[in-house]
Amino acid sequence: MASQAVTPQSEDFSKWYNEIVYKAELADQSPVRGCLIIKPYGYELWEAIKSGLDRRFKATGHQNAYFPLFIPESFLKREAEHVEGFSPELAVVTIAGGKELEEPLVVRPTSETIIMDAFKQWIQSYRDLPLLINQWANVVRWELRTRPFLRTTEFLWQEGHTAHATAEEAEAETKQMLDVYADFAINDAAIPVIKGKKSDREKFAGAVHTYTIEAMMRDKKALQSGTSHNLGQNFAKAFGIQYVDENNQYQYVWTTSWGLSTRMIGAIVMTHGDDKGLRLPPKVAPYQVVIVPIYKNDTERGAVMETVDKISKELAAHGIRIYLDKRENLSPGFKFNDWEMRGVPVRMEVGPKDVEKGTVALARRDIPGKEGKQFVPQENLAARVLELLNEVQANLLQQAADFRDANIHDVTSYDQMKQVIEQGGWARGWWSGTGDDEAQIKDETGATIRCFPFEQPSGAGQCFFTGQSAERIALFAKAY
RNA sequence: CGGGGCGUAGCGCAGUUUGGUAGCGCGCUUCGUUCGGGUCGAAGAGGUCAUGGGUUCAAAUCCCGUCGCCCCGACCA
């Protein structure tokens, strides 16, 4: 059972985060270092994320498939940058069935290589393109330092892999899938992400370029919440994926890949959570409404439960995800706190007074205390609840957007930039520096380029770092 | 891999300085009570004190070793 209060965010954000993860019963520690046991409540949240994304993938023409967990070591080595990027964090199986393997098998850190090998078989003609595949899977990266959901040795994700006839189509796909992620993040997870392009230093190993959605957590650190890569012909050439075009000429395909992981759960926790616990956006909340019945004796209990039954059926019929907290041994007050910890968007109280007056009490998680509580008639309750859920969803997004906007600052000099970063904000400024300049800034301030936002001012400006003329602005921040 | 901390009941901890056969709070079980913001009471169950060795009449406690975990940094979805 979830329980007592949590360390305030202002006191120790990192401690707050860890406590929320365990107290809201999203996850448990695992016996294996860096891994995570995802508990039912956390997994239901993941399932909501999955279904929100999967629906969008299908709507844009993608199909799911599944590729092996084990990848021949030699596959990883075919794309130079790719192997260089991933080799330090690979888990490799060298013994199986009691015998040393002829070729070690890598536990997939990502599946570009094994999927490209399959694509090579599947693609013969331009008629086979575009090939639009997605996979829901677990992957393993032996990270030095792990944090629940944000960075774990094993994590769950989806990885999309597509092949196209032209560079333009591949680029359109890369952008489209970033839009899909942003649409999901903003409209379902209520996280106001910023779309942009990664700097060369931060792009995916093996990609021509990488697009990202970046979110601001409540400690003002940035979290890369989803990425979409244009792989150009890098993998096509490494794996020899060619098709015959309309003129009977061999051409290499253009590929993309894009992924979003259980890290999104961490993003939701850190974007919306407060000192009372989790706050879940209704669209992804495992339970949208928790019903707490209130009574002091069997007579009241009978009447209250009868009303609760009737209401439950009505809400369920309208597709509202409800949970009836029937626990007999706990007081209503305890339950209120318990469900606030777990972030349920709306709490419904049904007591003797409600039975008498034909009302129920509705309390919204996004507005604390009495302010957020109201008594409403039982008539048309489902409609009222749906409306309230929408309000909560919109308000969480609004609060997060306001917070983010208040903490992004335009800078015109390095001194100013340092000051902004020191205060925990994000710095936005004209940039014409090199990768080495970026490295120096990271060294001196801890901040990195999160992205070059798609939304750019027109014209040009002066780079805050080099003083040279610059054509684009960059967003700098400390990141997870 | 560097720095710091910690391994004692399911969880959080005290006990270690000064050796004497293990305790507190929460949770759990049963009964009663209460129930519109973390009810209250009674009775219970539950521990190879991380691990291996050593010292001692006697070790959670002292000595030597090992393992694990957490936090902070460098690497990363």
Side-chain angles (χ1 to χ4, degrees), chain A residues 1-5 12 14-15 17-19 22-23 28-35 85-90 109-110 138-159 181 198 201-205 207 210 212-215 223-229 257-267 276-277 292-298 300-301 304 325 327-341 347-357 359-363 368-370 372-373 375 439 442-443 446 448 478-480:
Chain A
M1 186 180 321
S3 67
Q4 330 298 312
D12 186 340
S14 168
K15 200 167 172 192
Y17 177 77
N18 281 320
E19 288 178 6
Y22 301 120
K23 290 190 172 177
D28 243 354
Q29 296 198 4
S30 91
V32 181
R33 190 197 75 92
C35 293
F86 281 104
S87 60
E89 52 190 44
L90 296 179
T110 178
N138 57 336
V139 289
V140 167
R141 299 181 187 176
W142 221 257
E143 301 288 353
L144 296 178
R145 180 153 174 238
T146 59
R147 307 197 57 185
F149 294 117
L150 302 177
R151 183 169 302 100
T152 45
T153 298
E154 177 189 17
F155 58 93
L156 305 182
W157 77 344
Q158 60 65 219
E159 45 180 325
Y181 287 155
K198 283 290 183 192
R201 257 184 111 247
E202 303 271 333
K203 76 177 163 82
F204 177 74
T210 290
T212 176
I213 49 173
E214 297 286 326
L223 185 70
Q224 176 176 307
S225 308
T227 48
S228 184
H229 318 289
S257 70
W258 25 276
L260 187 147
S261 73
T262 36
R263 170 180 271 192
M264 181 54 77
I265 293 173
K276 282 180 161 294
V292 179
I294 294 161
Y295 45 78
K296 4 183 188 300
N297 52 48
D298 282 353
E300 285 184 358
R301 182 174 188 281
V304 165
D325 190 347
R327 292 176 294 180
E328 295 278 359
N329 53 333
L330 297 174
S331 68
F334 183 94
K335 292 178 182 177
F336 297 168
N337 287 283
D338 193 32
W339 291 106
E340 277 165 8
M341 176 63 72
R347 178 182 76 238
M348 180 183 298
E349 301 167 25
V350 182
K353 289 178 209 162
D354 296 304
V355 172
E356 195 183 312
K357 295 180 194 162
T359 58
V360 301
L362 291 179
K370 283 195 178 139
K373 186 162 155 177
F375 288 86
K442 184 175 184 190
D443 239 28
T448 49
K478 287 187 185 167
Y480 275 99

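Atoms considered below: every heavy atom in the structure, side chains included; atoms not considered: hydrogens, waters and symmetry mates. Computed from a predicted structure; not experimentally measured. A note on names: the letters A, B, ... follow the listed sequences, proteins ahead of strands, and every chain is numbered from 1.
- For A:N329, no side-chain nitrogen or oxygen approaches OP1 or OP2 of B:C35 to under 4.0 Å.
- Contact annotation for A:F375: base contact, defined as any heavy-atom pair under 4.0 Å involving a base atom.
- One atom, CE of A:M341, and another, C1' of B:C26, lie 15 Å apart when rounded to the nearest Å.
- In this structure the side chain of A:S14 reaches within 4.5 angstrom of the side chain of A:R147, judged on heavy atoms.
- Stacking of the aromatic ring of A:F155 onto the base of B:A77 is found: the ring centres lie under 5.5 Å apart and the planes are inclined by under 30°.
- Separation of the P atoms belonging to B:G38 and B:G12 is 26 Å when rounded to the nearest angstrom.
- A 4.5 Å side-chain heavy-atom check between A:E89 and A:E143 finds at least one atom pair inside the cut-off.
- Within 3.5 Å, no donor on the side chain of A:D338 pairs with an acceptor on the base of B:G38, nor the reverse.
- A:L150 comes within 4.0 angstrom of a nucleotide base, judged by non-hydrogen atoms across all strands.
- One can place CG of A:N337 at 14 Å from P of B:G27, the figure rounded to the nearest angstrom.
- For A:Q224, whose side chain is taken as the heavy atoms from C-beta onward, the closest listed nucleotide among B:A77, B:G38, B:C69 is B:A77.
- Only the P atoms considered, B:G10 is 31 Å distant from B:G4, to the nearest whole Å.
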Under the criterion side-chain contact (heavy atoms from CB on, under 4.5 Å), I'd like the reasoning laid out for A:T227 against A:F204: C-alpha separation, chi angles, the key distance, then a yes or no. CA-CA 9 Å; A:T227 48; A:F204 177 74; over 6 Å; no
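- The nucleotide B:G44 finds its pairing partner in B:C28, both defining distances of the Watson-Crick or G-U wobble pair being shorter than 3.5 Å.
- Rounded to the nearest Å, the gap between the P atom of B:U66 and that of B:G15 is 27 Å.
- What separates CZ of A:R33 from C1' of B:G68 is a distance of 11 Å, to the nearest Å.
- For B:G38, the base has no donor-acceptor partner in the side chain of A:E340 [N/O atoms by modelled type, under 3.5 angstrom].
- Here the closest heavy-atom approach between residue A:Q224 and residue A:R263 is recorded as O-NH1, 3.0 Å.
- The partner of B:G73 is B:C1, by the rule that a Watson-Crick or G-U pair needs both atom distances under 3.5 Å.
- Distance from the side chain of A:K276 is smallest for B:G37 among the nucleotides B:G36, B:A77, B:G37.
- The residue A:N297 sits apart from the nucleic acid: no heavy atom pair falls under 4.0 Å.
- Here A:P88 lies out of heavy-atom contact (under 4.0 Å) with every strand.
- Distance NZ (A:K15) to P (B:C71): 11 Å, rounded to an integer number of Å.
- Each of A:G34 and A:K373 was matched to the nucleotide of RNA chain B holding its nearest heavy atom; the match closer to the 5' end belongs to A:K373.
- Heavy atoms of A:G259 sit nowhere under 4.0 angstrom from any nucleic acid atom.
- Residue contacts shown for A:S14 are limited to sugar-phosphate atoms, with no base heavy atom under 4.0 Å away.
- Searching all strands for a Watson-Crick or G-U wobble partner of B:A60 with both distances below 3.5 Å returns nothing.
- With rounding to whole Å, A:E19 atom CD is found 12 Å from B:C71 atom P.
- Between the P atom of B:C71 and the OH atom of A:Y22 lies a distance of 7 Å, rounded to the nearest Å.
- The side chain of A:K442 places an N or O atom within less than 4.0 Å of a non-bridging phosphate oxygen (OP1 or OP2) of B:C75.
- Mapping A:P332 and A:T152 onto RNA chain B by nearest heavy atom places A:P332 closer to the 5' end of the strand.
- For B:G23, the paired base is B:C13 (Watson-Crick or G-U wobble, both distances below 3.5 Å).
- Ion pairing of A:R301 with A:E328 is present here, as a side-chain N (NZ or NE/NH1/NH2) and a carboxylate O approach within less than 4.0 Å.
- For the C1' atoms, the distance from B:G32 to B:C70 is 42 Å, rounded to whole Å.
- Going from the P atom of B:C6 to that of B:C13 covers 11 Å, rounded to whole Å.
- In the set B:G36, B:G38, B:C70, B:C70 carries the atom at the smallest distance from any side-chain atom of A:Q29.
- With both ends at atom C1', the span from B:U48 to B:A59 equals 15 Å, rounded to whole Å.
- Side-chain contact check for A:E159 versus A:V139: some heavy-atom pair is nearer than 4.5 Å.
- To the nearest whole angstrom, the two P atoms, one in B:U8 and one in B:G52, are 15 Å apart.
- Taking atom C1' on both nucleotides, B:U61 is separated from B:U21 by 12 Å, rounded to a whole Å.
- Side-chain N/O atoms of A:R347 and base N/O atoms of B:G36 include no donor-acceptor pair closer than 3.5 Å.
- The partner of B:U66, taking Watson-Crick or G-U wobble pairs whose two distances both stay under 3.5 Å, is B:A50.
- Geometrically, A:R347 engages A:F336 in a cation-pi contact defined by less than 6.0 Å to the ring centre and at most 45° from the axis.
- Rounded to an integer number of Å, the gap from CD of A:E349 to C1' of B:C35 is 12 Å.
- Straight-line distance from the NZ atom of A:K335 to the P atom of B:G36: 11 Å, rounded to whole Å.
- With B:G37, B:A77, B:C35 as the choices, the nucleotide that has an atom nearest any side-chain atom of A:I294 turns out to be B:C35.
- Contact between A:V304 and A:I294 at its shortest, heavy atoms only, is CG2-O, 3.4 Å.
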